[in-house]
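The sequence lines fix the lettering, A, B, ..., with proteins before strands; numbering per chain opens at 1. Just so it is clear, the values below take in all heavy atoms, side chains as well, and ignore hydrogens, waters and symmetry mates.
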Amino acid sequence: MSETTNSPAAESAGGAPTETTAPHRYTAALAADIEARWQEFWEAEGTYEAPNPKGDLAGDAGSVARPKKFIMDMFPYPSGAGLHVGHPLGFIATDVYARHQRMTGHNVLHTLGFDAFGLPAEQYAVQTGTHPRVSTEANIVNMRRQLRRLGLGHDGRRSIETIDPAYYKWTQWIFLQVFNSWYDPEADAARPIDTLVAQFEAGDRPTPDGRAWSGLSPLERANILGEYRLAYASDAPVNWCPGLGTVLANEEVTADGRSERGNYPVFKAKLRQWNMRITAYADRLLNGLDALDWPEAIKLQQRNWIGRSEGARVDFPVGDDKITVFTTRQDTLFGATYMVLAPEHPLVAGADNGNGTGSIVPDAWPEGTHDVWTGGHATPGDAVAAYRKQAASKSDVERQAEAKDKTGVFTGAFATNPVSGEQVPVFIADYVLMGYGTGAIMAVPAHDTRDFAFARAFELPMRCVVEPSDDRGTDPSTWDDAFASYDAKIVNSSGADISLDGLGVTEAKAKITEWLADQGIGEGTVNFRLRDWLFSRQRYWGEPFPIVYDEDGVAHALPESMLPLELPEVEDYSPRTFDPDDADTQPETPLSRNEDWVNVDLDLGDGIKRYRRETNTMPNWAGSCWYEMRYLDPHNSDALVDPEIEQYWMGPRDGQPAGGVDLYVGGAEHAVLHLLYARFWSQVLHDLGHVSSSEPFHKLYNQGMIQAFVYRDSRGIAVPAAEVEERDGGYYYQGEKVSRVLGKMGKSLKNAVTPDEICAEYGADTLRLYEMAMGPLDVSRPWDTRAVVGQYRLLQRLWRNVVDEATGEVTVVDGEPDEATLRALHKAIDGVSQDMANLRFNTAIAKVTELNNHLTKAGTPVPRTVAEQLVLLIAPLAPHIAEELWRKLGHTDSVVHADFPVADPAYVVDETVTCVVQIKGKVKARLEVAPSISDADLEATALAEPAVVAALDGAGIRKVIVRAPKLVNIVPA
RNA sequence: GCCCGGUUGGUGGAACUGGUCAGACACGCGGCUCUCAAACAGCCGUGCCCUUGGGCAUGUGGGUUCGAAUCCCACACCGGGCACCA
C-alpha cells in the first residue's frame with residue numbers, strides 16, 4: 001500500500017545544540033529522553049489497548065460502553081530500507097485524531113499492521129539476494145522501530161502481518177468462501193455453491209446441454225460450476241508481463257499499456273488463470289458508493305472504472321450464424337453500414353490454427369471486393385489469420401501508440417442490418433476490444449468518431465441518420481468529423497416495419513429497443529466496463545491457493561482443517577522473468593519447481609488420492625482486502641472475526657447504513673485497486689453471513705503527498721538535495737548551477753529525509769507538529785527541513801511557560817487568570833476542538849501557538865489552570881511533552897485518557913467587537929460595540945457616527961445593510 | 001480529447017455558509033535588546049508601488065452584488081484520473 005522503497009535509515013544527523021547554561025532546557029536531548037521514557041510507559045501500561053466486548057481482548061466494561069471509533073491507516077509495505085518523512089504523514093494524522101477522540105470519551109481502536117506479501121517485497125529480496133521472508137521481517141523490525149519513535153498510539157496486540165500463517169489462513173479461508181459460492185441473481189447476493197448444485201440435481205435448473213446432472217462426469221460438473229463460482233479458473237486473454245514474469249490485473253496496467261510496477265510492456269496472452277467474478281457485483285459496487293462518506297473524486301473514479309452504460313444488444317444475421325453487438329446508440333441502427341469484430345472474436349477464430357477458415361470467413365473474396373479491404377491477401381482466410389497474428393503480437397503500448405491510425409481487414413462475410421435489411425460488410429479491427437461488450441460493434445460512421453475514421457480509411461459508405469444541429473448539412477461525405485451529439489432529431493430511419501424519423505434520440509432509443517425485443521432480435525441491456533479481477537500471479541511471495549487438482553484436472557478446495565496451507569520454504573524463489581519485449585513467452589510459477597510440495601496424497605473424503613497443488617499465488621491485494629476485520633479479533637482461531645466483536649466495531653448504525661471503519665486515511669492511488677477489491681470481498685462476506693457490515697470503510701480521507709525539491713545538474717542527473725546551496729536566487733551543487741523542480745521524495749532522486757534524522761535533531765513531537773502544521777492534510781506540499789525549527793521553538797516556549805529551565809521546577813501559580821487570558825484560552829479551546837474534529841490540524845496548531853504566544857508575551861507566571869488546559873490542548877499533537885508536563889504539574893494519571901478541555905461560551909466571544917461602517921463598500925468608520933447589539937441599535941449608532949455623517953455629506957440614504965455586530969454598509973442615494 | 005481538482009506575500013499556508021484595511025500561524029529576511037563576542041532568548045518590522053497621504057493587490061479578462069479570494073462566464077497555467085469502452 002503506501003510504499004516505502006526509499007531512503008536509508010540514516011542515524012542521527014546531529015546538529016542539536018549540545019551546550020546550554022540551562023540544564024532543564026527543552027533540547028533534542030531532553031526530548032529524546034522524555035520520548036523514550038513515555039514510550040516505555042505506554043507500552044508497559046498498555047495505554048492504547050482498546051477493549052473488545054468479549055474474547056481474549058475483552059476489557060473494562062465502562063470503556064466498551066462508550067461510543068466506539070475505529071480509526072485506520074492504509075497499512076504499509078515493509079519493502080526497502082525504511083521510511084522517509086513523507087510516509088508517516090497519514091499515520092501521524094490518524095494518531096492525532098485518535099488521541100482527540102480518546103480524550104472526548106470514545107473507545108478508540110487504532111493499530112497498524114504490515115502488508116508484506118507481494119511484488120515490492122519480493123523484488124527487494126531478489127535485489128538484495130536474501131529470502132523474502134528474511135528481508136521482509138527485517139524490514140518490518142526496522143519500520144516498527146521507526147514508527148515507535150514517533151509515539152504513535154497503537155494497540156500493539158492487534159497488529160497483524162499478512163505473511164503470518166495465522167493471518168493468511170483466513171485469507172485462504174475467504175478465498176474458499178468465494179470459490180464455494182455463486183451469484184444468485186434472484187437474491188442479488190452470493191449464496192453457497194451447494195444451493196446451485198441442489199437446483200441442478202433437482203432439475204430446477206437445466207444443464208447447458210440438457211443432460212441430467214447425475215449423468216455428467218465430475219469434470220463436466222466442475223466445468224459447469226466454474227461458470228458460476230465467484231472464484232473461477234478460465235482461459236481468457238490476460239495481461240502478460242514478461243519483464244515481471246507474471247500476469248497482472250487490469251487495474252495494475254497503466255493507461256499506456258505498461259505494468260504499474262516496473263513500467264514493463266504488457267501483452268495480451270491467453271492463459272488459464274484464476275479470476276474473481278467482481279463483475280457480478282458491478283451494480284452493487286456502484287450503488288453502494290452513495291452511502292459512503294468518501295471524497296467525490298474517488299467515488300467518481302470508481303464509478304468511471306465500473307463504467308455502467310445503458311444500451312441494447314442487437315443481433316445481425318450472418319448466414320446461419322449471427323453477430324451480437326452491444327451499442328449505446330441503438331437509435332442510429334439505420335446508419336450502421338458495416339460491422340467490426342475484435343480480432344480475438346470466436347466467429348473468426350480457427351482462421352490461423354490450421355483448421356481452415358473461421359466460421360464466418362468464406363474461402364474466397366466476394367465478387368468486387370475493394371482492394372483496400374483485403375490487406376493484399378489472396379483469400380479472406382489468409383487476411384484474417386495474418387491480421388489476428390499481428391494483433392496478438394502487438395503490446396498494449398504499440399496498440400495505444402497506433403490508436404489514431406485505424407487498421408483492419410475485411411472478413412469476406414456480410415451481415416444483414418435487421419432494420420434496413422441491407423447487406424453490410426464485416427471487418428476485424430483492433431479498435432474493437434474483445435473484453436468490452438460483446439467484442440463486436442455495428443459501425444455507424446456518420447455518428448461515431450472512431451467508425452468515421454475507419455470508414456474514411458477503408459472507403460466505406462456513411463449514412464446520416466441524426467440530423468446535424470450545426471450547419472454541416474446531411475451529406476457525411478463532406479464532413480470533417482462525425483456528428484455524435486445526442487441533442488438532435490432522427491432522420492433517414494424508416495424501414496418496412498418501423499420508422500424512427502422525427503424522434504429525438506431518447507424516444508428513438510426507447511422505440512427501437514422495444515421493437516427489437518418484440519422481434520426477438522435484441523433487448524435493452526446494461527454493460528459495464530469493469531472486468532473480472534485476475535487473481536493469480538506467477539510469483540513466490542504470496543499466499544498459496546488452497547486448491548488441489550485431481551487426475552482429471554478437477555479443482556478441489558482444501559477443507560478448512562488443512563488451513564493454513566503454508567508457503568513452502570524454498571531456495572529458489574526468484575520469478576522466471578523474460579526479455580520485457582518478448583511476447584512469445586510463457587509464465588512459470590516458482591512453486592511448480594518444487595515437486596515434493598506440488599504432488600501430495602490427501603484424503604478429501606473419498607480415500608487417499610494423489611493430487612497436484614495449484615502453484616500460482618494470490619496477488620498482493622489479497623491480504624489487504626479484509627485486514628480491517630482482523631484488527632478487531634486478531635487471535636481468533638475459530639473465525640476470521642467473532643460476529644459480536646465485528647458488530648461492535650463495524651456494524652451498521654445511524655448515518656452508517658452499511659457499517660464500516662469510522663475513518664480510513666491513505667493515499668488516493670488506491671481508488672480503483674485496494675478500495676474496490678476490499679469493498680467486493682466485504683460484500684461477499686456480508687452476503688454469506690460472516691459479517692454485519694457490507695462496506696469496509698465508511699469514511700475515507702486522502703492525505704496529500706509530501707513532496708520534495710529535486711535538483712538536477714546540466715545532464716539532468718539528480719544531485720544530493722542536502723548539499724545544494726542557494727544564492728542569488730539560483731541553486732548550486734559543488735559550484736555548478738543546478739535546476740530545481742518539485743517532485744516526489746525518494747532515494748533515487750537523492751532528496752529523501754528520514755524521520756530518524758529529524759527526531760535526532762529535534763525530537764518526535766517536533767516532527768509530528770511540523771508534519772501536521774505544514775498545511776491541510778489533503779493537500780500535497782513540499783518538505784522544508786529549515787522550517788521544522790518553528791515547531792521546535794513552539795515546544796520550547798511551551799516548556800518555558802511551565803518549567804524553570806534552571807531548576808526544572810514548575811513555575812505555574814495558583815489563582816485566577818486575567819480576563820484576556822481566559823478569553824484567549826477559551827477561544828483556543830473552541831477553535832482547536834472544531835479543528836481536531838474536522839482533521840484541520842494545521843489551524844489547530846496555529847491556535848495553540850497563539851495561546852502560547854499570549855502567555856509568553858504576558859511575561860508573568862502562568863496560572864495553573866491555564867497551563868493544564870494548554871497541555872491538554874496540545875496532547876494529541878505532541879503527546880510526549882504533554883505527558884511530561886502533565887506529570888510535572890502533579891498528575892499521576894496519563895494525559896492520554898484525560899478529558900479534553902471544553903470551551904466556556906462566555907469567554908469565546910469578545911467583550912466588544914469592532915464593527916466597520918462602510919459607505920458603498922468603503923470603510924469610513926469603526927465602532928466598538930457589544931457582540932449582542934441589535935441591528936436597529938447598530939444602524940442608529942452607525943448613522944450617528946460623526947465620520948459617517950461627514951462622509952455622507954448630506955446625501956440621502958437609499959439603503960442600509962446591517963449585519964450585526966460586524967458590519968454596516970450604507971448605500972447613498 | 002474527456003472528466004475531476006487547483007492557482008493567495010520571498011516560502012508553506014489563514015480567511016466559518018460572499019461581509020472588518022486579505023495575508024492568522026510559521027519559515028525566511030531586516031532592525032533592536034541581552035552578550036566581551038556569538039549562540040540561545042526576547043522585542044519590533046516585513047504584500048507591492050509612489051517616501052504626507054494615498055494608490056494597487058488573491059493566475060488573466062469580463063460579469064452578478066451595497067459588498068467577491070469566496071458566486072457565474074471565458075481564457076491561461078499547474079496537478080491528477082480516464083482514454084479506440086461502441
Between [M] and [N], how far apart are the [atom1] atoms? Round to whole Å, please.
N     : M     : atom1 : answer
B:G18 : B:U64 : C1'   : 12 Å
B:A74 : B:C2  : P     : 13 Å
B:A38 : B:C16 : P     : 44 Å
B:A14 : B:C73 : P     : 25 Å
B:A15 : B:U7  : P     : 12 Å
B:G45 : B:A37 : C1'   : 25 Å
B:A69 : B:U52 : C1'   : 31 Å
B:U8  : B:G59 : P     : 6 Å

For a quick check of understanding: with a heavy-atom distance under 4.0 Å over all strands, which category does [X] fall into, base, sugar-phosphate or nothing?
X      : value
A:R531 : base
A:D430 : base
A:A787 : sugar-phosphate
A:V432 : base

Of the nucleotides [options], which has the atom closest to the [X] side chain?
X      : options             : result
A:K406 : B:G42, B:C84, B:A83 : B:C84
A:T856 : B:C82, B:G28, B:G42 : B:G42
A:W305 : B:A86, B:C82, B:A41 : B:C82
A:E850 : B:G81, B:A86, B:C25 : B:C25
A:V916 : B:A83, B:A86, B:U20 : B:U20
A:Y431 : B:C84, B:A86, B:A41 : B:C84
A:T327 : B:A86, B:A26, B:C27 : B:A86

Subject >> Under-4.0 Å side-chain N/O to phosphate OP1/OP2 contact, A:R303 with B:G81 >> reply: no
Subject >> Contacts of A:R463 that satisfy salt bridge (charged side-chain N to carboxylate O under 4.0 Å, His left out) - sequence neighbours left out >> reply: A:E422
**OP:** Just jot down the salt bridge (charged side-chain N to carboxylate O under 4.0 Å, His left out) partners of A:D778, sequence neighbours excluded, or say none.
**Re:** none
Grab the [atom1]-[atom2] distance between [X] and [N] for me, whole Å please.
X      : N     : atom1 : atom2 : answer
A:D405 : B:C84 : CG    : P     : 14 Å
A:L938 : B:G19 : CG    : P     : 17 Å
A:D481 : B:C84 : CG    : C1'   : 16 Å
A:L798 : B:G42 : CG    : P     : 13 Å
A:K744 : B:G79 : NZ    : P     : 13 Å
A:L742 : B:G80 : CG    : P     : 11 Å
A:L676 : B:G81 : CG    : P     : 17 Å
A:N852 : B:A26 : CG    : C1'   : 14 Å

[X]: partners by ring pair (Phe, Tyr, Trp, His ring centres under 6.0 Å), with sequence neighbours left out:
X      : answer
A:F454 : A:Y338, A:F427, A:Y431, A:F458
A:Y436 : none
A:F316 : none
A:Y711 : A:Y731

**OP:** Count the heavy atoms belonging to other residues, nucleotides or ligands that lie under 6.0 Å from NZ of A:K299, then report whether that count exceeds 12.
**Re:** yes
Will you find, in the side chains of [X] and [Y], an N or O donor that is under 3.5 Å from an N or O acceptor?
X      : Y      : answer
A:Y387 : A:T407 : yes
A:D804 : A:T811 : no
A:D481 : A:T449 : no
A:D315 : A:T324 : yes

Original post:
B:G9: syn or anti, with syn meaning chi within 90° of zero?
Top reply: syn
Original post:
Do A:L333 and A:V444 touch side chain to side chain, with heavy atoms closer than 4.5 Å?
Top reply: no
**OP:** Starting at the 5' end of RNA chain B, write a dot or bracket for each base, bracketing those in Watson-Crick or G-U wobble pairs whose two distances are under 3.5 Å and using | for partners on another strand.
**Re:** (((((((..(((......[.....)))((((((.......))))))((((..))))..(((((..]....))))))))))))....
Between the protein and nucleotides 10-18 of chain B, list every N/O to N/O distance that falls short of 3.5 Å.
residue	atom	partner	partner atom	Å
B:G12	O2'	A:M774	O	2.7
B:A14	OP1	A:N842	ND2	2.9
B:C16	N4	A:K966	NZ	3.3

Anything under 3.5 Å between a protein N or O and an N or O of nucleotides 2-6 of chain B, put it in a table, one pair a line.
none

**OP:** Mind checking side chain to side chain donor-acceptor pair (under 3.5 Å) for A:W305 and listing every partner two or more places apart, or none if nothing turns up?
**Re:** A:E251
Original post:
Does A:N239 reach the main-chain N or O of A:L248 with its side chain, forming a donor-acceptor pair under 3.5 Å?
Top reply: yes
Original post:
Hey, does the side chain of A:H447 reach the backbone of A:V465 with a donor-acceptor pair shorter than 3.5 angstrom?
Top reply: yes
Original post:
With sequence neighbours left out, which residue pairs that include part of residues 329-344 of chain A fulfil the salt bridge (charged side-chain N to carboxylate O under 4.0 Å, His left out) condition?
Top reply: A:R329-A:D331, A:E344-A:R399
Subject >> Sole candidate of A:N852, A:L769, A:L877 that passes side-chain contact (heavy atoms from CB on, under 4.5 Å) when paired with A:L795 >> reply: A:L769
Considering only nitrogen or oxygen atoms on both sides, find all protein atoms under 3.5 Å from nucleotides 65-71 of chain B and state each distance.
residue	atom	partner	partner atom	Å
B:C66	O2	A:N969	ND2	2.1

Original post:
Quick one: on RNA chain B, does A:N853 or A:R529 contact a more 5' nucleotide (nearest heavy atom)?
Top reply: A:N853
Subject >> Closest-nucleotide 5' rank along RNA chain B - winner of A:C915 and A:T449 >> reply: A:C915
